[in-house]
Amino acid sequence: MAKDSFLVGLIGSGIGPSLSPALHEREADRQGLRYLYRLIDIDVLGVPPKAVGELVRAARNLGFDGLNITHPCKQLVIEHLDALAPQAEALGAVNTVVFEADGRAVGHNTDVTGFAASFARGLRDAPLERVVQLGAGGAGAAVAHATLTLGAERVTVVDALADRAADLAGSLNRHFGAGRAEAGTPDRLAEVLKGADGLVHATPTGMAAHPGLPLPAELLHPGLWVAEVVYRPLETELLRVARAAGCAVLDGGGMAGFQAADAFRLFTGREPDGARMLADIGELAGFVERNVV
């Protein structure tokens, strides 16, 4: 008989506002599954990000079917897994861990496919000659790969940690070919944005737990499109300011919905209703934001 009961979770920092539990459980209800999605917040537990390995082992021992992994553990978790799917290995970042029937913990990355699908849907005709990306962490690695896969000619990766930006740019060049990526520093952001077609934001700034703008507002200009990775809230300060500056914008809801659908498929072996899960994101996020005190 096909399995119809699942226990999954999310490991990360400041994940209390996450919509993932409701998003996954709604889809499971529609499919007649028993599905429990639990938050494992390292801030609430009082443990550092490097404790992700212990949490993964504990979840496996407790009978979890899988885990989603988010900031700041997407890269730290890798050394604690038994195997990586090819895309996760190429990225050096994992956002989904599946506990196989043989007990192995296998890492996957659905952020790449999630962002690519969202971009193709929401910014279909956006120019991609020169793209600037803020953030070179786990989510940054995924969206940079997705952006180049979508046809970007060149991506400039800017991160507060110069070594991290350089490492990601080097990895992208090895994977996509020399000259497709370069590392930039925050002090050069104004310069690189002047001639850019688009900006991808892949840092935690703008999340409910990390409010604010990731760059000076005056650097945004009407010729720029802006794609956001943060989805809670859907309307981040960056998107509000970018829209006011005349930029075409893409919120993080599409990426969240598509990556969740891909993760649901990995956890359950069942085909999710992606369109319905996208609608859930908008409904859930809107409800939370209307009722926040």
Side-chain angles (χ1 to χ4, degrees), residues 8-18 20 37-62 64-100 103-115 133-146 157-172 174-175 183 201-205 207 209-210 229-230 232 255-256 259-260 262-263 266-267:
V8 300
L10 171 65
I11 296 176
S13 169
I15 56 176
S18 174
S20 290
Y37 193 112
R38 287 292 179 250
L39 297 180
I40 305 169
D41 194 320
I42 61 174
D43 295 344
V44 173
L45 294 175
V47 298
K50 65 182 180 181
V52 64
E54 298 170 26
L55 296 175
V56 168
R57 285 190 292 273
R60 174 164 47 188
N61 293 339
L62 288 170
F64 276 65
D65 295 286
L67 296 164
N68 283 135
I69 310 292
T70 191
H71 174 80
C73 301
K74 292 183 180 184
Q75 293 162 319
L76 293 171
V77 73
I78 289 177
E79 65 180 286
H80 304 288
L81 304 178
D82 300 305
L84 296 176
Q87 196 162 62
E89 186 171 15
L91 289 170
V94 163
N95 80 323
T96 303
V97 175
V98 176
F99 297 122
E100 303 281 3
R104 294 188 312 149
V106 180
H108 301 261
N109 195 299
T110 66
D111 283 335
V112 182
T113 51
F115 183 81
Q133 177 175 303
L134 287 180
V143 297
H145 271 252
V157 181
V158 179
D159 194 276
L161 300 176
D163 289 347
R164 188 161 69 169
D167 287 346
L168 177 54
S171 173
L172 293 169
R174 287 190 294 274
H175 190 79
H201 174 236
T203 84
T205 303
M207 292 173 61
H210 305 278
V229 169
V230 173
R232 176 65 178 90
M255 176 180 174
Q259 72 83 13
D262 290 344
L266 287 168
F267 291 147

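Just so you know, these numbers use all the heavy atoms, side chains as well, and skip hydrogens, waters and symmetry mates. Predicted, not measured: the structure shown is a model, and the values here were computed from it.
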Asn68 vs Tyr37 side-chain heavy atoms within contact, under 4.5 Å = yes
ask   = Quick one: are Asn109 and Leu91 in side-chain contact, heavy atoms under 4.5 Å?
value = yes
request  = Give the intermediate values and the outcome of side chain to side chain contact (heavy atoms under 4.5 Å, CB included) for residues Val97 and Val106.
outcome  = CA-CA 5 Å; Val97 175; Val106 180; over 6 Å; no
request  = Report the distance from atom NE2 of His175 to atom NE2 of His145, rounding to the nearest 0.5 Å.
outcome  = 5.5 Å
task = Looking only at non-hydrogen atoms, find the nearest pair between Ala202 and Gly140 and report the distance.
result = CB-CA, 3.8 Å
task = Identify, with sequence neighbours excluded, every residue that meets salt bridge (charged side-chain N to carboxylate O under 4.0 Å, His left out) alongside Asp167.
result = none
Which side-chain N or O atoms in residues 39-51 pair as donor and acceptor under 3.5 Å with protein atoms at least two apart or in another chain?
from	atom 1	to	atom 2	distance (Å)
Asp41	OD1	Gly14	N	3.2
Asp41	OD1	Asp43	N	2.8
Asp41	OD2	Gly14	N	3.3
Asp41	OD2	Ile15	N	2.9
Asp43	OD1	Ser13	OG	3.1
Asp43	OD2	Ser13	OG	2.8
Asp43	OD2	Gly14	N	3.0

ask   = Any side-chain heavy-atom pair from Asp262 and Phe267 closer than 4.5 angstrom?
value = no
key: side chain to side chain contact (heavy atoms under 4.5 Å, CB included) evaluation trace for Gln259 with Asn95   = CA-CA 9 Å; Gln259 72 83 13; Asn95 80 323; 3.3 Å; yes
Less than 3.5 Å apart, which donor and acceptor atoms pair up between the side chains of residues 69-87 and the rest of the protein, not counting sequence neighbours?
from	atom 1	to	atom 2	distance (Å)
Lys74	NZ	Asp111	OD2	2.7
Asp82	OD2	Arg60	NH1	2.9
Asp82	OD2	Ala105	N	2.7

Nearest heavy atoms of Ala183 and Ala169, plus distance in Å = N-CB, 3.7 Å
ask   = Any side-chain heavy atom of Gln133 sitting closer than 4.5 Å to one from Val158?
value = no
request  = Keeping to residues at least two apart or across chains, list the salt bridge (charged side-chain N to carboxylate O under 4.0 Å, His left out) pairs with something in residues 84-95.
outcome  = none
request  = Please list, chain by chain and in numerical order, all residues satisfying side chain to side chain contact (heavy atoms under 4.5 Å, CB included) with Ala136, sequence neighbours excluded.
outcome  = Val157, Asp159, Arg164, Leu168
Minimum side-chain heavy-atom gap Val56-Leu67 below 4.5 Å = yes
task = Consider only side-chain N and O atoms of His108 and Thr110, and report whether a donor and an acceptor are under 3.5 Å apart.
result = no
task = May I ask you to test the Asp65-Phe99 pair for a side-chain heavy-atom distance under 4.5 Å?
result = no
ask   = Any side-chain heavy atom of Leu10 within less than 4.5 Å of one from Ser18?
value = yes
ask   = Which residues satisfy the salt bridge (charged side-chain N to carboxylate O under 4.0 Å, His left out) test with Arg38, sequence neighbours excluded?
value = none
